[in-house]
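The analysis underlying the following values was restricted to heavy atoms, covering all of them including side chains, and did not include hydrogens, waters or symmetry mates. By convention in this document, chain letters (A, B, ...) are assigned in the order of the sequence lines, proteins followed by strands, and residues within each chain are numbered from 1. The structure presented is a predicted model; accordingly, all values stated were derived computationally and were not measured.
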Protein chains: 2
Amino acid sequence: MATQGARGRSGGRPTLEEVAARAGVGRGTVSRVINGSPRVSDATRAAVEAAVAELGYVPNTAARALAANRTDAIALVVPEPETRFFTEPYFSDMLRGVGSALSDTEMQLLLIFAGSDRERQRLAQYLAAHRVDGVLLVSVHADDPLPDMLSQLEIPAVISGPRSAGEALTSVDSDNYGGARQAVEHLIDRGRRTIAHITGRLDVYGAQRRIDGYRDALREAGHEVDDLLIEPGDFSEGGGRRAMAALLERRPGLDAVFAASDVTAVGARQALREAGRRIPDDVALVGYDDSAIARHLDPPLTSVRQPIEEMGRAMIDLLLAEIADRRPAISRGLDRRQMVLATELVARASS
Amino acid sequence: MATQGARGRSGGRPTLEEVAARAGVGRGTVSRVINGSPRVSDATRAAVEAAVAELGYVPNTAARALAANRTDAIALVVPEPETRFFTEPYFSDMLRGVGSALSDTEMQLLLIFAGSDRERQRLAQYLAAHRVDGVLLVSVHADDPLPDMLSQLEIPAVISGPRSAGEALTSVDSDNYGGARQAVEHLIDRGRRTIAHITGRLDVYGAQRRIDGYRDALREAGHEVDDLLIEPGDFSEGGGRRAMAALLERRPGLDAVFAASDVTAVGARQALREAGRRIPDDVALVGYDDSAIARHLDPPLTSVRQPIEEMGRAMIDLLLAEIADRRPAISRGLDRRQMVLATELVARASS
DNA sequence: AGGTACCGTGGGAGCGCTCCCACGTGTGAT
DNA sequence: ATCACACGTGGGAGCGCTCCCACGGTACCT
């Protein structure tokens, strides 16, 4: 209902040229005004802005993209089956942070799932076509070829959760090691003696770091680390249930469990119930993520909060910076940025 | 300074022209092959395809968009604050359906939040710039100007959840009326006598239809409809809690509640607990959506399943069709499509 | 006074594609 | 033999923008 007023006589959307004519200036000048160049006099700028408003001019992005070789769009690539994306609150929280950071920008967000092979193929085409200025990569496994493809194509990219200690890409992560320590120290403080750990997917670096934190916390508290108390999960509910069942069988005397995600904890809780263990009376349970389900569980779940939304924002900031100073992605590696954000333990009734 | 020299002729991405040269044909012919035109001889086609493969040619989308006036992208517009998007499983389920339907296509998905005024403004610009070929609109309130803007701009659009019985846009919806009836009939079958209803936002057409279904089901079963058993909610958890508290105060004798969403039911459950009512012994509870939380609640929540993923797919199908036969969106209205999908009651322990 | 240095400005030259018209060539009808 | 009419094909003419060079004007120097 807003600008409907004076359409160009040709009927279509007004072009730069028409705005220029209307304002009595040249095409170049209008372009400068539109793009906020300082090299325009105030009077001219005002005239152009008036013409833009009168005509309801909106730049044609395709033309701009073609001429300037940029797209004003970035992609959030999720190298997982879509189901995982939606069952793990991690992703949607991340998306929320990204979305809100982006709304301060001209950039648009593309959501790309790259779980299946076909989707992968499509993605490769897509990236080769340089349809986005940059890429956000969440939850990448150690052997994923995607990051390399990205740097080969010289597409700016930021990864959430580095693949290893020596991650080549700019990355954002929470302090997985510290978070795990917080969880375990908390359980020790609560007087638990036999603390098990259900891990995340072992090919995810963050999951490894959580194991390290678990180990070190026990060690430093003078407990000895019993490897049979560590059981691999995969961040899923089913994985949590299976792991918990295995642990109960192997170490029936355990009195606490640190699960690598809230969803894993939900699965563990099921297995505990089926085995007749009460939470927290018999077994204390701590999750990771502090997602919405943690609050809704019965009893509410103690969990390690990672500032996922902030991580999303940070990813955007870093990515935009990287796009801005379009250095070839394979720079000397001097100014690689690895950002790590702090976690926080949220104690609830489950521990 | 690494690959500086290589970026000349031979280094950049190949263009149509180069493919043509390589294949020994003209530019137009390559374009025809790329776009699957039948008017090319088999021999020529093969030669071109070989050249494309050798050169690793990928069309430049910006150029294509500029010349052909299409973008191969559609937007999913969420006219809500982002928080709502992520707290309501409805949205993510929808997104999942849309995403998977889209992965069979060349189309790309843009996710746009239009909750705040600033975001709205950006969206208007965005649409005016015709940066997408079509728009998917989810969860639109009765007075939202967005749909009108869309049809004025002649942008193909499909809406999930029509705004009224006479919705002008192509729409996809689940059978809200029927779903509500299923819920209420189920409660009646279970022997409940005093069945309350916590509604959704009253400016959402689907919420109105659920109220209609609730009323009619009671009426046809010979119960009389007591308007004091109907309390408005807003699809949120807090809304559900408040509404339930109000109902308990007004009609302490109620023995069942039909909540307009699972999230609402979660809130209602809290209020019931606080009031010392047991579920389902004292009060039976039924939700709507059959989202993940329904299964995880304690006790598990009976809920009305809407085939949200299918709805997402259907929206894509309709939208693509509408884009294909690019008739002006405000056509005669003859072939407006209003698709309604069936719901299903999933009975669990809460009722 | 002439010289130099900037500004602010106009507009040509593409960016890589699609669209469409015009041009052979081969086939069948006359 | 001539005409008609397909069919494949080549390539010009843009699409609307950004980039950049050239230009006149003003201000400040010497």
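- Heavy atoms of B:R64 sit under 4.0 angstrom from primed sugar atoms or phosphate atoms, though from no base atom.
- Axis angle, first five pairs versus last five pairs of the helix from C:dA1-D:dT30 to C:dT30-D:dA1: 40°, rounded to 10°.
- The OG atom of A:S171 sits 9.0 Å away from the CE atom of A:M311 when rounded to the nearest 0.5 Å.
- For the residue pair B:R313 / B:S100, a side-chain donor-acceptor distance below 3.5 Å is found, with atom types taken as modelled.
- Of all nucleotides listed (D:dC17, D:dT18, C:dC17), D:dC17 comes nearest to the side chain of A:A63.
- In this structure, A:N69 places its CG atom 8 Å from P of C:dG16, rounding to the nearest Å.
- Nearest heavy atoms, A:R120 versus A:A114: NE-O, 3.3 Å.
- For A:N35, a side-chain nitrogen or oxygen approaches OP1 or OP2 of D:dT18 to under 4.0 Å.
- The side chain of A:S41 contributes no N or O atom lying less than 4.0 Å from OP1 or OP2 of C:dG8.
- Straight-line distance from the CG atom of A:N60 to the P atom of C:dC17: 17 Å, rounded to whole Å.
- Around atom CD of A:E106, no more than 12 heavy atoms belonging to other residues, nucleotides or ligands sit under 6.0 Å away.
- Put simply, the side chain of A:V48 does not reach to within 4.5 Å of the side chain of A:R45, judged on heavy atoms.
- Taking atom CZ on A:R39 and atom C1' on D:dG25, their separation rounds to 15 Å, with Å as the unit.
- For D:dT18, one of the phosphate oxygens OP1 or OP2 lies less than 4.0 angstrom from a side-chain nitrogen or oxygen of A:S31.
- If you check C:dT9, C:dG16, D:dC17 against the side chain of B:A67, the one that comes closest is C:dG16.
- Atom pair B:R131:CZ and D:dC17:P shows a separation of 13 Å (rounding to whole Å applied).
- In terms of polar N and O atoms assigned as donor or acceptor, the side chain of B:R32 comes within less than 3.5 Å of the base of D:dG10 in a complementary pairing.
- Between B:F91 and B:E80 the shortest side-chain heavy-atom distance falls below 4.5 Å.
- Taking only side-chain atoms of A:T44, from C-beta outward, the nucleotide of C:dG11, C:dG8, D:dC17 with the closest atom is C:dG8.
- What separates CZ of A:R45 from P of C:dG8 is a distance of 9 Å, to the nearest Å.
- From A:I112, atom CD1 reaches atom CZ of A:R122 across 7.5 Å, with rounding to the nearest 0.5 Å.
- The interatomic distance linking A:L16 (CG) with D:dT18 (C1') rounds to 9 Å, in whole Å.
- Rounded to a whole Å, the CG atom of A:L66 is 11 Å from the P atom of D:dT18.
- Following rounding to the nearest Å, A:R70 (CZ) and D:dC17 (P) show an atom-to-atom distance of 12 Å.
- With DNA chain D read from its 5' end, the first of the two nearest nucleotides for B:G24 and B:A68 is the one closest to B:G24.
- From B:L66, atom CG reaches atom OG1 of A:T61 across 10.0 Å, with rounding to the nearest 0.5 Å.
- Checked against D:dA13, D:dC15, C:dC15, the side chain of B:R27 finds its nearest nucleotide in D:dA13.
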